[in-house]
Amino acid sequence: MNHLDGLPPWAAVLVGVLVLLGASFTFIGSLGLLRLRDFYKRVHAPTLGSTLGTFFMVAASVVCFSILQGRPVLHVILIGVFLTLTTPITLMLLVRAALYRHRVEEGKQMPPR
């Protein structure tokens, strides 16, 4: 027996929709990673996709576990906060490292557009 059997049908549908939305945004971000041409354009799609995907997954977790436990479960939001804060920082560090490498190797001041 699964503990998710205790979810009411309306909550199961809501959690399913939120999980599918989160997975869809993350998948679209992954497609952007594959489709875009250069590194500077390519880094934006996964960061935006993972941020929106994380938001919907956290919302699904909050709804699911709050209903199952009969009390608000808000500590899951910390995961979303940490991911939302660290993803743009990682993006900036990667882009700065790529800019530095590009300038040193090719002697150019700015990357080609």
Side-chain angles (χ1 to χ4, degrees):
M1 180 154 206
N2 193 353
H3 69 278
L4 292 177
D5 292 336
L7 272 177
W10 64 269
V13 169
L14 179 63
V15 168
V17 167
L18 289 172
V19 166
L20 284 175
L21 280 172
S24 299
F25 278 112
T26 305
F27 179 68
I28 290 169
S30 299
L31 286 180
L33 177 67
L34 293 173
R35 180 133 169 94
L36 295 173
R37 292 189 181 134
D38 65 345
F39 175 78
Y40 302 103
K41 293 177 186 175
R42 195 176 290 165
V43 292
H44 290 286
T47 55
L48 293 174
S50 68
T51 303
L52 286 171
T54 300
F55 171 74
F56 285 114
M57 291 291 183
V58 165
S61 295
V62 168
V63 169
C64 179
F65 293 116
S66 294
I67 291 173
L68 285 175
Q69 295 182 7
R71 62 180 175 86
V73 177
L74 301 178
H75 63 276
V76 180
I77 294 175
L78 287 175
I79 297 169
V81 168
F82 290 137
L83 283 173
T84 303
L85 290 177
T86 57
T87 301
I89 293 169
T90 306
L91 165 78
M92 287 187 297
L93 290 174
L94 284 171
V95 169
R96 284 184 183 181
L99 265 172
Y100 178 77
R101 183 176 179 184
H102 184 79
R103 287 179 184 168
V104 168
E105 287 181 355
E106 296 185 12
K108 295 181 181 177
Q109 289 298 319
M110 294 300 292
R113 292 183 182 212

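Being a predicted model, the structure only gives us computed values, none of them experimental. Quick note: numbers below take in every heavy atom, side chains included, and nothing from hydrogens, waters or symmetry partners.
Under the 4.5 Å side-chain heavy-atom criterion for Ile, Leu, Val, Met, Phe, Trp and Tyr, Leu21 and Leu7 are members of the same hydrophobic cluster. Note: the hydrophobic cluster containing Tyr100 does not contain Leu93 (ILVMFWY, side chain heavy atoms under 4.5 Å, direct or indirect links). Linking ILVMFWY residues whenever their side-chain heavy atoms come closer than 4.5 Å, directly or via other members, leaves Leu33 and Leu91 in distinct clusters. A single hydrophobic cluster is not seen to contain both Val13 and Leu20; linkage of ILVMFWY side chains at heavy-atom distances under 4.5 Å, directly or through other members, places them apart.
With values rounded to the nearest 0.5 angstrom, Thr47 atom OG1 is found 10.0 Å from Leu94 atom CG.
Residues passing the side chain to side chain contact (heavy atoms under 4.5 Å, CB included) test with Val58 are Thr54, Val62, Val76, Ile77, sequence neighbours excluded. For Gln69, the side chain to side chain contact (heavy atoms under 4.5 Å, CB included) partners are Arg71, Val73, not counting sequence neighbours. For Leu48, the side chain to side chain contact (heavy atoms under 4.5 Å, CB included) test picks out no residue, with sequence neighbours left out. Take Arg42 and apply the side-chain hydrogen bond (donor to acceptor under 3.5 Å, both in side chains) test, not counting sequence neighbours, and it matches no residue.
Looking only at side-chain heavy atoms (C-beta outward), His102 and Tyr40 come within less than 4.5 Å of each other.
A ring-ring contact (aromatic ring centres under 6.0 Å, His included) check over residues 45-89, counting only residues at least two apart or in different chains, returns the pairs Phe25-Phe56.
With hydrogens and angles disregarded, no donor-acceptor distance shorter than 3.5 Å links the side chain of Thr87 to the backbone of Thr84. Between the side chain of Ser66 and the backbone N or O of Val63, no donor-acceptor pair lies under 3.5 Å.
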I'd like to know whether Met57 forms a side chain to side chain contact (heavy atoms under 4.5 Å, CB included) with Leu18, so could you lay out the CA-CA distance, the side-chain angles of the two residues, the decisive distance to 0.1 Å, and finally the verdict. CA-CA 6 Å; Met57 291 291 183; Leu18 289 172; over 6 Å; no
Thr51 vs Leu83, side chain to side chain contact (heavy atoms under 4.5 Å, CB included): CA-CA, chis, key distance, verdict: CA-CA 7 Å; Thr51 303; Leu83 283 173; over 6 Å; no
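Across all non-hydrogen atoms, the minimal contact from Ala45 to Gly32 is CB-CA, 3.7 Å.
Listed by chain and number, the hydrophobic cluster partners of Phe27 are Leu31, where partners are ILVMFWY side chains within reach of under 4.5 Å, directly or through others.
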